[in-house]
Number of protein chains: 2
Amino acid sequence: MSFNYRMILKFISIIPIIMGLSMLVPAVTALYYGEWEEFKVFMALAVTMVFIAYAVFYFLRSARGIIRMRDGYLIVFTGGLTACLLGALPYLACDHTISVIDCLFESISSLTTTGATLFDLGVLPKSLLLWKMVCNWLGGIGFLILCVSVLPAFGMEGKTLAQSEVPGQILGKITNRTSDSAKYLYIIYIAFTAAEFLLLWMGPMNIFDALVNTLSSVSTSSLGDINQTFSHYGSFYNDVVIGTFTLLASLNFTLYFLIIHGSWKAVLTNIELRTFLFLIVLGAVLVTLNLYWTKTYDFTESIRYGVFQVISMATTAGFSITGYADWPSFSLVILTILMLIGGCSFSTASGIKVIRFLVMCKLIARGFTRRIHPRSVVAVKVGSNAVSALRVSYTTVFIMVYFILIVFASILLSLQNLDLLTTLSTAIAMISNVGIGFGDVATGNFSIYCEPLRLVLCLLMIIGRLELFTVITLFMPSFWRPDKYRNY
Amino acid sequence: MSFNYRMILKFISIIPIIMGLSMLVPAVTALYYGEWEEFKVFMALAVTMVFIAYAVFYFLRSARGIIRMRDGYLIVFTGGLTACLLGALPYLACDHTISVIDCLFESISSLTTTGATLFDLGVLPKSLLLWKMVCNWLGGIGFLILCVSVLPAFGMEGKTLAQSEVPGQILGKITNRTSDSAKYLYIIYIAFTAAEFLLLWMGPMNIFDALVNTLSSVSTSSLGDINQTFSHYGSFYNDVVIGTFTLLASLNFTLYFLIIHGSWKAVLTNIELRTFLFLIVLGAVLVTLNLYWTKTYDFTESIRYGVFQVISMATTAGFSITGYADWPSFSLVILTILMLIGGCSFSTASGIKVIRFLVMCKLIARGFTRRIHPRSVVAVKVGSNAVSALRVSYTTVFIMVYFILIVFASILLSLQNLDLLTTLSTAIAMISNVGIGFGDVATGNFSIYCEPLRLVLCLLMIIGRLELFTVITLFMPSFWRPDKYRNY
Ligand SMILES: [K+]
Ligand SMILES: [K+]
C-alpha cells in the first residue's frame with residue numbers, strides 16, 4: 001500500500017500559488033514606503049512561486065484517486081512544511097538576517113498563529129512586518145480549512161466532539177459539502193477581518209497599524225507586548241476592538257454557520273461556548289479582584305487590564321500588557337490555566353481546547369461515581385450527547401500527551417539553564433501557540449534561546465498547531481509500513 | 001443503608017493504643033536527656049490514651065458485621081484523622097508552640113511521611129524531635145498496612161495493578177490471609193529499620209542520630225536538608241546507607257514476600273521494579289552529567305550528590321543536599337519529573353506511582369496505534385498481563401485528578417504571592433509527599449506560609465497520601481446517600 005503521491009503533490013502545489021499571491025500585499029506596502037530592496041524581493045518571489053507551482057498543478061491536473069487517511073496526514077504535514085519554508089524566504093532574501101533558522105522560526109511562528117518573534121519588530125522594515133502579519137492571517141484561515149476539510153476524515157476529535165453538540169439536522173445542512181463549508185469559512189473570516197480593520201482605522205490608528213493589528217488579532221496570533229511594539233497608543237477603544245475580535249476568532253466557527261442559518265437557539269445552548277465564556281468571565285473576575293486587592297492598579301485599570309489579558313491568554317492570542325509578567329502569582333496561575341485550556345475547537349485558537357477540557361471534567365466526575373459503584377455503566381456526556389468510548393479514549397490520551405510534551409519540552413529547553421519559570425512557560429507558550437510566557441520571554445521575544453533550541457521551539461509550535469497526533473504519528477513505524485502491523 | 005458505626009469505632013480505638021505505646025520511646029529519650037517537662041507530657045499522654053482507647057475497645061469487643069466499601073472509606077479517613085490529632089498533642093502539651101495548626105501540620109507531615117516542618121528542627125527538644133520521627137515511622141508502616149488490608153477491598157488500583165504482575169499462584173499463597181501478609185509486613189519493615197539503625201550506628205553517627213535518620217529514611221519521610229539539620233557529618237558512608245534504605249522502602253513490598261518464598265525469578269522480571277530502577281539510573285546519569293558539565297561540582301562529587309538527590313526525590317523521601325535548589329535547570333526538571341512519578345505501589349513512597357505511570361505509557365502507545373487503525377482492539381498490557389478497561393479508566397482519572405489537584409493547590413497557594421516557582425513546587429512537594437521543593441522551600445521548612453495556607457498544606461499532604469480518591473469521595477453526595485443515587 002503506497003501513498004498517492006501525484007494527488008498529494010497536486011494538493012500541495014496550491015500552497016505556493018496562494019502564498020505567492022499574498023506576497024503582493026507586502027510588495028505594495030514596500031512600494032508605498034519606498035522599501036525598494038524589499039519590493040524587488042517580494043515581486044521576484046511572488047512571480048517565481050506562482051509560475052512554478054502553477055506549472056506543477058497544471059501538469060498534475062488529471063491526477064485522481066482516493067485520499068486515504070494516511071495520504072491526508074502526509075498532505076497536512078508536507079503542505080505545512082512547504083508553507084513554512086516559503087514563508088521564510090522573504091526574511092532571508094531581504095538580508096534582514098543571515099540565519100536560516102531564525103527566518104524559519106518567524107515563518108513557523110506566524111503560520112502556526114503563535115506570534116512569537118526573534119526580531120525586534122520595531123525596527124523591521126514595514127513590508128517585512130506586514131508579511132509576518134499576512135502569514136499570521138494565512139495561518140488562521142489555513143487551520144480553519146484544515147479543520148473543515150482534511151482533519152475530520154481522520155478523526156481530530158476536538159472538532160467532531162464539538163459537532164456532536166450541534167443538532168444533526170442543521171449540521172447536515174451546513175456541512176454536507178466540504179466546499180460549501182469552506183466557502184462560508186472564507187466569507188466569515190474575511191468579514192471579521194474587514195470589520196476589525198475598519199473599526200481600528202476609524203479609531204486612533206493609521207491604516208498600516210490598523211492592518212497589522214487586524215491581521216494578528218483575527219488569527220489569534222498577537223504582536224507580543226502591545227505597548228512596547230507600537231500602534232497601540234494606550235487607547236481603550238483599541239483594547240476593546242482587539243479583544244472582541246480575538247474572542248470572536250476563538251469561538252467555534254460552526255456557531256457562525258448556525259447564526260447564518262438563524263439557529264440562535266442552538267448557539268445559545270451550545271455547551272462549549274457557554275463553558276468558554278464562563279471560564280473567561282470567572283478568570284476575568286478573579287484576576288481583576290487580585291490586581292485591585294494587591295494594589296497593582298486602581299479599580300478601573302484593574303478591570304481594563306485584567307479583562308484584556310484574560311481574553312488575550314484564553315484565546316491563545318498572546319497580546320500582553322507591559323509588565324504583566326510581574327503581576328501577583330495568583331493572576332499568573334489563573335492566566336496559565338486559561339492558556340492551557342485554550343479556545344474552542346474549530347477556531348483559530350489553540351491549546352487543549354474547551355471541548356476536550358469538558359470531556360475530561362465529565363470523565364473525572366464519572367470516575368468518582370465508579371469508585372463507589374464499580375458496576376455502574378455511565379456514558380460520558382457532553383451537553384445532551386453521549387461521547388463514544390473511542391472518543392473519550394482519544395481525548396484522555398490527547399491531554400496526557402499534551403502534558404508529557406510540555407515536560408519533554410521543558411527538559412530540552414532547560415539545557416540552556418535559564419530559570420525554571422522561563423523554561424516552563426516557554427514550553428507552554430510554544431505548545432499552546434500563545435507566543436508569550438513569563439520571566440525572560442514575557443514580551444513574546446524568544447531570541448534569548450540559542451540556535452539549536454530555536455529549532456526545538458519551531459517543532460513545538462508545529463506540534464501544538466497540528467494537534468500533536470498528526471506530527472507524532474508520522475514517526476510511528478506502523479504509519480509507514482501498515483502491512484507489517486496488520487495485527488493491530 | 002447506614003454505616004456500621006460500632007465496628008468502625010472498634011477499629012479506630014486501636015490507633016490511640018498504638019500511638020500511646022509509641023510515646024514511650026520519646027519518653028525514655030526525654031528521661032535520658034533530662035527533658036523533664038517533655039517526659040511528664042509523654043507519660044501522661046501515653047497512659048491516658050491507652051487507658052481510654054482500651055476501654056472503648058473492650059466495650060465494643062463484641063461488635064461484628066460486614067465492613068462494606070463505604071465503611072472502609074470512613075475507617076481510613078476517621079482513623080487517619082484520629083492519628084493526626086493524637087500525633088499533634090505532644091507538641092501542644094510541651095508548649096513548644098501555641099499554634100494548634102502548626103502542631104497539626106507537624107503531625108500530619110510525619111504521618112503522611114512527607115517530612116516537611118514548620119519548626120527549626122535544630123532547636124527542638126530531642127524527645128519531641130524523636131516523636132516526629134516515630135510518627136514518620138508509624139506513618140510508613142500504617143500506609144503499608146492500609147495497602148494490604150483496607151485499600152484493596154475498595155479498589156486502590158495502584159496495588160492491584162502491581163499484583164497482576166506477580167504470578168497468581170505465589171500471590172495466592174502470600175496474600176490468602178490478610179493477617180499473614182500484615183505479619184510479614186511488620187517483620188520486613190522492622191528488619192529494615194533494625195538493619196539501617198545498626199549500620200548507621202556502626203558508622204560515624206551516635207545512637208540518637210542513627211535512630212532519627214533510620215526512622216525518617218525507612219519511611220521515606222526525610223529530615224529536609226541533611227547538612228543544615230545535623231547528624232550527617234558529610235559522611236559518604238551515611239549517604240550510601242540512607243540512600244539504600246530509602247530505595248528499599250520505596251520498592252513494592254510484594255517483592256520481599258516473593259524473595260522470602262524464594263521466587264527470585266518473579267522479582268527480577270517484575271516490570272514495575274525494572275521500570276523504577278531504569279528511571280533512577282537514567283535520572284542519575286543525566287543529573288550527574290549535567291552537574292559535571294555545568295561545573296557545579298567536580299566529577300566525584302557530581303556522581304555522589306547527583307545519585308543521592310535522584311534517589312531522594314524518586315523515592316519521595318526528600319532528603320536534600322544543601323543548595324540543590326540552585327542546581328542547573330535541567331537537573332531540577334529531571335528531579336521534578338521523578339518526584340511526580342514517585343515510587344513503586346505498595347511501598348512507603350508516594351507520588352503517582354510507577355505502575356500507574358507504566359499504564360499511562362502503554363495507554364498512550366495504544367492511542368497512537370488507534371489513530372491509524374481506529375477499528376483495532378488492543379488491550380493495555382503491563383508486562384504480560386492485560387489491564388481491564390475499568391482499571392485503565394481508574395488510572396487515567398487518577399493521573400488527571402493528580403495534575404488538576406496540583407493546579408488547584410497552586411491557585412490557593414498563590415494567594416500569598418510568593419514567587420511562582422516556590423508556589424508550584426510547594427504544591428508538588430505536598431501532594432507527592434516529598435516534603436521539599438525549590439525556591440524558598442528547598443530546605444523542607446514551610447514556615448513561610450501563613451496560617452490558613454498551612455491548613456491547605458495539611459489537606460494536600462493527606463490527599464496525596466490517601467491516593468486522592470478516598471478523601472475526595474467523602475465529599476460526594478452519592479457516598480453519603482447511596483439510596484438517592486441508585487441510577488448510577
Ligand atoms: K498566539
Ligand atoms: K517525604
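Remember, predicted model here, so these are calculated numbers, not experimental data. Within every chain, numbering begins at 1; the chains are lettered A, B, ... in the order of the sequence lines, protein sequences first and strands thereafter.
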(message) For the interface with chain B, which of L332(A), I404(A), N290(A), I411(A) has the highest count of heavy-atom pairs at distances below 4.5 Å?
(response) I411(A)
(request) Taking Q416(B) for its side chain and C450(B) for its backbone only, find out whether a donor-acceptor pair lies under 3.5 Å. (result) yes
(request) Give a yes or no answer on whether the side chain of T422(B) reaches the backbone of D440(B) with a donor-acceptor pair at less than 3.5 Å. (result) yes
(request) Classify the angle between the aromatic ring planes of F446(A) and Y449(A) as parallel (below 30°), tilted (30 to 60°) or perpendicular (above 60°). (result) parallel
(message) Can you confirm whether Y297(A) is buried at OH, in the sense that more than 12 heavy atoms of other residues, nucleotides or ligands lie under 6.0 Å from that atom?
(response) yes
(request) Evaluate whether atom OH of Y292(A) has more than 12 neighbouring non-hydrogen atoms of other residues, nucleotides or ligands under 6.0 angstrom away. (result) no
Heavy-atom cut-off 4.5 Å, strictly under: side chain, backbone, both or neither for [X] against chain B?
X	result
I337(A)	side chain
L424(A)	side chain
F438(A)	side chain

For [X], is it the side chain, the backbone, both, or neither that has a heavy atom closer than 4.5 Å to a heavy atom of chain A?
X	answer
L420(B)	both
L412(B)	neither
L340(B)	neither

(message) Are P328(A) and T296(A) packed together at the side-chain level, in the sense that at least one heavy-atom pair is separated by less than 4.5 angstrom?
(response) yes
(request) Look at W293(B), F330(B), F403(B) and state which one has the largest set of heavy-atom pairs under 4.5 Å with chain A. (result) F330(B)
